[in-house]
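Notes to accompany the following structure.
In the text below, chain A, chain B and the rest are named by the order of the sequence lines, each starting its count at 1.
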Amino acid sequence: MRIDCPFCGSREIVEFSYLGDAGVQRPAPDAGSVFTDYVYLRDNVAGRHREYWYHGSGCHSWLVVERDTRSHEIFSVDYAHRETVR
Amino acid sequence: MRNSIFSLALNALSGHKHWQPTWRDAEPRAAYDVIIIGGGGHGLATAHYLAKIYGITNVAVLEKSWIGSGNVGRNTTIVRSNYLLPGNIPFYELSMKLWEGLEQDLNYNAMVSQRGVLNLFHSDGQRDGYVRRGNAMRLHGVDAELLDQAAVRKLYPFLDFDHARFPIQGGLLQKRGGTVRHDAVAWGYAKTASARGVDIVQNCEVRGFIVEDGQVVGVETSRGSIRAGKVGMAVAGASSQVAAMAGLKLPIESHVLQAFVSEGLKPLIPGVITFGAGHFYISQSDKGGLVFGGDIDGYNSYAQRGNLPVVEDVCEGGMALMPMIGRLRLLRSWGGLMDMSMDGSPIIDRTPISGLYLNAGWCYGGFKATPASGLSFAHLLATDTAHETAKAYRLDRFATGHMLDEKGQGAQPNLH
């Protein structure tokens, strides 16, 4: 598996760290028990999965990668924060 | 016929032409008292203990492929009960005790071999950690022995004791730990469950649940609808997907773990050895191949195959531990799907949906738990109460904060 980092180009998977599902949204501070779902529950999809990767051995960007969890095929790689300007 | 030296001799004398199938490949009936989804080790063990201990024999085990086609046939066959937390030790020790009597219980040769599991340590801090673990084990009546470097040298002289970065200082030995022939575990449980009337239905994929008045009363399968009083899920690797059919979201991510077998060798490694400075564990199968593995790949996956960096990492661990294996050729490698839970511990509990029961989240430690998991899940299905040793494995522990995090990693499944 290689990830096509938008800043560094195509790099080996060992340069990146995985955080997980990019779909989860942090609830408001006073949201109560919804926080349990946010911290612990995951859709864990078999198929296209949007997930966070961190390019620790490269440009230190947080990335959102869309990848098929059944085949490891990567469809898109983008900065996690749209406002990231290089 | 019972398996014995006499049945073996009798069959040998008649040219092995009269062996009967070990278990009955059943057609699904319209209804059962209990349906167990998943014909792996845990599902089949559950059926065995339901029939044997709780007297519930109107049971079907539904398997989407062939029995034992999942992780029970894909693991590195290690059994042990060297855990740290009070919520885990009695459960895994029950499992260890059930392993010790398994072959007699099943009348089936599962090649249970208590060859000892040795966890090596390489620093003072790690030694202290293992002292604590060993003490916790002994407080629960589990055998544990702390070995110094000289004792490990005597046991395994071929290890690289004076490695520049990871010198071996000693190890924590559980002599009762060892290995079990994994396929035979599935077949043995299938044999006894089937003999007691349990229907083992293969090529029968569950595609949905039948829900009436908010209660699960059966399943829709690729071979038609089947109704049941209770439905239990034992589908680790695919738990999230099956649970989603009932509208449940689980604290689980599916990850891939790779394992490896070398070419066959003469007897070389007598026991199970784990490297403490990386993640590497190794034993030798009775056929001669070295069976070893390491960390999960670390990202969500349903692919049943991993990537090369983990292969390299595992082999580096092996080389740091025992350089003698450096010229060995790798025969096979494969991947299996792990139900990585949010705290690294399993779930055996009722679900919020009446009639649906969950056995999931085994991370990469499910094989050693097979007998206790089956017994506890059978207890839950039969009595609606948690088994004494499995009380901590609640589904709501993530909401209440009663986590069982052996490694102390927090809610990050790929780090457990």
**Request:** Go through the atoms of T36(A) and report whether side chain, backbone, both or neither lie under 4.5 Å from a heavy atom of chain B.
**Result:**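 When you check distances to chain B, only side chain atoms of T36(A) fall under 4.5 Å.
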**Item:** Electrostatic pair D43(A):K249(B) at N-O distance under 4.0 angstrom
**Value:**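 Salt bridge flag = yes for K249(B) with D43(A).
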Is there side-chain contact between [X] and [Y], with at least one heavy-atom pair below 4.5 Å?
X: L308(B); Y: M1(A); answer: no
X: N44(A); Y: L250(B); answer: no
X: R42(A); Y: P251(B); answer: no

**Prompt:** Under the ring pair (Phe, Tyr, Trp, His ring centres under 6.0 Å) test, which residues partner Y83(B), sequence neighbours left out?
**Reply:**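 Checked Y83(B) against ring pair (Phe, Tyr, Trp, His ring centres under 6.0 Å); matches are Y92(B).
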**Request:** May I ask you to check whether over 12 heavy atoms, not counting those of R394(B), lie within 6.0 Å of atom CZ?
**Result:** no
**Item:** Heavy-atom pair of closest approach, residues Y302(B) and R70(A)
**Value:** CB-CG, 4.1 Å
**Residue pair G298(B) / Y18(A): nearest heavy atoms and the distance that separates them** = O-CD2, 3.0 Å
**Message:** For residues 50-58 of chain A, give me every residue with a non-hydrogen atom less than 4.5 Å from any non-hydrogen atom of chain B.
**Reply:**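 Against chain B, the residues of residues 50-58 of chain A that fall inside the cut-off (heavy atoms, under 4.5 Å) are W53(A).
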**Donor-acceptor contact present, side-chain R67(A) to main-chain N300(B), <3.5 Å** = yes
Max heavy-atom pair count under 4.5 Å with chain A, selected residue of [options]:
options: P309(B), S341(B), G401(B); result: P309(B)
options: A411(B), A399(B), S254(B), A238(B); result: S254(B)
options: Q304(B), E312(B), M403(B); result: M403(B)

**Request:** Measure Q241(B) against the heavy atoms of chain A and call it side chain, backbone, both or neither at under 4.5 Å.
**Result:** side chain
**Prompt:** H72(A) vs Y299(B) aromatic rings, parallel, tilted or perpendicular, using cut-offs 30° and 60°?
**Reply:**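 Rings of H72(A) and Y299(B): perpendicular, as their planes differ by over 60°.
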**Prompt:** What distance do N414(B) atom CG and L19(A) atom CG have between them, rounded to the nearest 0.5 Å?
**Reply:** 8.0 Å
**Request:** Rounded to the nearest 0.5 Å, what's the gap from CD on E12(A) to CG on N307(B)? Could you check?
**Result:**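 With rounding to 0.5 Å, CD (E12(A)) is 8.0 Å from CG (N307(B)).
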**Request:** Take L41(A) and F398(B) through the side-chain contact (heavy atoms from CB on, under 4.5 Å) test and state the conclusion after the steps.
**Result:** CA-CA 9 Å; L41(A) 301 189; F398(B) 301 95; over 6 Å; no
